[in-house]
**Q** 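Okay, handing you the structure first.
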Amino acid sequence: MKYNLQLNILFSSLFALITFIKADEVLISEEFKSLYIKANEVVGWNQKTIKLCGDQTSFQDYSKANMFGIFAKETPNLQKIYQNLPPHWSLTVRVDVLLYKSVDNEKVNVVLDGKTYKTYTKDKYDGVKICIANSKYNDELYFFQQNITHTDSQFKLQFTSNFDQDNDDEGFGIKNLSIRVDTCHPSCSSCSGPSQYQCTSCPNKGVLKNGSCTCPSMTIAHNYQCLSACPQGFEADSTNSFCVETFCNPAKCSKCDSKGQSCSQCQNGYYLFRQGCIQNCPSFAPQQGQACQDPSKATPYSDYLLVGLTSNSFGESEIAALGLQLSNFNQATFTNCGNVQLLGGPFIGGKGSQIIKTFKNIQPHYQIRFGLTYYQIDSWDNEGFKIFVDSNFVEEVKQDQAGGKDHLCGSNGYKDNSYSYFKSIQHKNPTLEIKWSATFDEDYFNESIGIRDLFVIVDYCPPGCASCDQNQCQSCIDGYQKQGTKCVNSCADDEFSLNKVCAKCDSTCKTCKDNAQFCTSCNNGRYFYQNKCLEKCPDNYFNNSLNNMCSQCSIGDCPLCLPPGYTSSCKNCSGLKIVSNKCPK
Ligand SMILES: *[C@@H]1O[C@H](CO)[C@@H](O)[C@H](O)[C@H]1NC(C)=O
Ligand SMILES: *[C@@H]1O[C@H](CO)[C@@H](O)[C@H](O)[C@H]1NC(C)=O
Ligand SMILES: *[C@@H]1O[C@H](CO)[C@@H](O)[C@H](O)[C@H]1NC(C)=O
Ligand SMILES: *[C@@H]1O[C@H](CO)[C@@H](O)[C@H](O)[C@H]1NC(C)=O
Ligand SMILES: *[C@@H]1O[C@H](CO)[C@@H](O)[C@H](O)[C@H]1NC(C)=O
Ligand SMILES: *[C@@H]1O[C@H](CO)[C@@H](O)[C@H](O)[C@H]1NC(C)=O
Ligand SMILES: [Ca+2]
Ligand SMILES: [Ca+2]
């Protein structure tokens, strides 16, 4: 059993930005994904049957390929117990179930921990030829997906059935089985949800109070234990109660910035993306050297509103955490295509499928850039999907069968391909709705679509702007004034602010207030007097070039004086005779 414990750096760094629950979705097990399942892949099951489905048909997974099964009369109960699950609160099972040949209303129940969640049945002529091209009977393929509330460290998966013939005639088989759990916060040892406030029990000697666990003093929670210190690469959170991974984890980062706020160079095998190091660059941020080329860096005030579906193990919880509203997907919402994980995917995303994502309260911005990778699966004939933004049609994305390159998945009859889609649009509304709507006219088994590597980037206005376009601010938020193309905290020295716009003071002023002529200080060569900047000061004042002010002559009867304005510098003693530059006493 493998725990694919991945601390998803995309999520953790986005966490502050967007208000969704962090998806700590852990892949517990993936089984029976290969075309030819080998005996040693069957581990922990009470049965070992592997059977060739049949001959050449148009179903790539089943044509001349085998499956786990066929289980019939001899196997009324197929089961496996998964053990040692990490602390979790929810569990999802996803599996493809094939009802084989002459099933005539017998039933296959999918039973999770003793409770039946789905019953599959068909009559012998129902379905299509999935296994044997020239059989009298048909097969039917179902896609089981179910999340359940689950906290136990073990989980029993069962398939019960009531066939009355043996497995040459009828029965069921399974492929593409995966099990995921949503893990508890690492400070809990059991929980009712993902946060640190939803613990229901605590690790060794920790104390539970109001849903939170506190480790004994001098210890700190990490990975469901109380440790004496955080391991290398982790540090205490702000409440000093659990360890969080830093961007400078030396297992991933080889050169860290001085404050530990971001990594500047990653270890071999890791690539710099945003502040941290990841193992695979998402397709929209292609790898170059040891970094991913981050499209959000194209402008100084850009950021991601959404990044997701970039791993090869995401499931229902990540889709839910991204807040995607899905409609018209066939039975399940995710699968894979040639070992690439997809939302939708072969036989699952297709005719009528729709994805809607809405954002609220987006700060002032002028542009949205979004994209995804989409898989053209099977017989697309000039169709694909339409994009709507805020209910307005943006464009239709089409591909044709002729564009198929390889047999990736789905039907053998048609080649498939994958493409990157990218769009940028001018956008200013604080709310945003993006809708992807499939345009196929045939059903899921004829043509289907899957997507991954989904992102939405917002190009924000510079700080202080309330609205802007690519080149300039158009209006400012409260407390800011517009200065040319920008919004500033305060206007420049030689400007005054009127209706939140900075304007130049009269050229004689050094500074002014409320209007251009109302000076508050003067340039050299001009002297401040009653909010004007004069070339020559009035009587009883002298032009003081120390502070560019008209300063009062220090004696009242001296209408003209020289700097510094003392009695000794008087030039006119109200008609009296000046004696050696002084007024007579
Ligand atoms: C219990 O925890 C919740 C958060 O989960 C908090 O809102 C509440 O104030 C806490 N109550 C007490 C008594 O600490
Ligand atoms: C499980 O699925 C239901 C809908 O079927 C959904 O409301 C719920 O949020 C899901 N739980 C998780 C953990 O994804
Ligand atoms: C089953 O898994 C294989 C291998 O990843 C993939 O190519 C195929 O599309 C999957 N089948 C379905 C129905 O999802
Ligand atoms: C789906 O494909 C099959 C085989 O190519 C074809 O016979 C059938 O008409 C198609 N279904 C639709 C709805 O076009
Ligand atoms: C300032 O005052 C002095 C003395 O009266 C005078 O010589 C000078 O020209 C004045 N300067 C200006 C710019 O008015
Ligand atoms: C001196 O002051 C008197 C009256 O205050 C004025 O009439 C006279 O013209 C002044 N003389 C000079 C040189 O400014
Ligand atoms: Ca195909
Ligand atoms: Ca079509």
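Note: hydrogens, waters and symmetry copies are ignored here, and every other heavy atom, side chains too, is used. Start at 1 and go down the list; that is how both ligands and their atoms are numbered. Numbers here simply count residues along the sequence, with the first being 1.
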**Q** Measuring centre to centre across the rings, with the benzene-like ring taken for any Trp, is F172 within less than 6.0 Å of F159?
**A** yes
**Q** In this structure, which one of K101, K73, K51 forms a salt bridge (Lys or Arg N to Asp or Glu O under 4.0 Å) with D168?
**A** K51
**Q** Is there side-chain contact between S192 and W89, with at least one heavy-atom pair below 4.5 Å?
**A** no
**Q** Distance under 6.0 Å and angle within 45° of the ring axis: does K357 meet both against F359?
**A** yes
**Q** Tell me, which N, O or S atom in E383 is closest to the Ca ion (ligand 8)?
**A** OE2
**Q** Check for me whether the distance between the ring centres of F385 and Y374 falls short of 6.0 Å.
**A** yes
**Q** So that I can check it, does any N, O or S atom in C409 come closer than 3.0 Å to the Ca ion (ligand 7)?
**A** yes
**Q** Kindly confirm whether the Ca ion (ligand 7) is within less than 3.0 Å of some N/O/S atom in Y414?
**A** yes
**Q** Please check: side-chain N/O of E106 versus main-chain N/O of V103, any donor-acceptor pairing under 3.5 Å?
**A** no
**Q** Could you pull out the atom name of the N/O/S atom in D378 that is nearest the Ca ion (ligand 7)?
**A** OD1
**Q** Would you name the N/O/S atom of E442 that lies closest to the Ca ion (ligand 8)?
**A** OE2
**Q** Under 6.0 Å between ring centres, would you say that holds for F455 and F370?
**A** no
**Q** How about NZ on K33, more than 12 heavy atoms from neighbouring residues, nucleotides or ligands closer than 6.0 Å, or not?
**A** yes
**Q** State the atom name: nearest N, O or S atom of D381 to the Ca ion (ligand 8).
**A** OD1
**Q** Could you tell me the angle subtended at the Ca ion (ligand 8) by OE1 of E447 and OD1 of D441, rounded to 10°?
**A** 130°
**Q** So among D182, V93, N147, which one has a side-chain contact (heavy atoms from CB on, under 4.5 Å) with E316?
**A** N147
**Q** Are F347 and F59, when compared by the centres of their aromatic rings, separated by less than 6.0 Å?
**A** yes
**Q** Run through all N or O atoms in ligand 3 and write down each protein N or O closer than 3.5 Å, as a pair with its distance.
**A**
from     : atom 1 : to   : atom 2 : distance (Å)
ligand 3 : 2 (O)  : N176 : OD1    : 2.7
ligand 3 : 2 (O)  : N176 : ND2    : 2.6
ligand 3 : 2 (O)  : N336 : OD1    : 2.8
ligand 3 : 5 (O)  : N336 : OD1    : 2.4
ligand 3 : 5 (O)  : N339 : N      : 2.9
ligand 3 : 5 (O)  : N339 : OD1    : 3.2
ligand 3 : 7 (O)  : G338 : N      : 2.6
ligand 3 : 9 (O)  : N336 : O      : 2.6
ligand 3 : 11 (N) : D61  : OD2    : 2.6
ligand 3 : 11 (N) : N176 : ND2    : 2.6
ligand 3 : 14 (O) : N176 : ND2    : 3.4
ligand 3 : 14 (O) : T335 : OG1    : 2.3

**Q** Look at the N, O or S atoms of S411, main chain and side chain alike, and state whether any lies under 3.0 Å from the Ca ion (ligand 7).
**A** yes
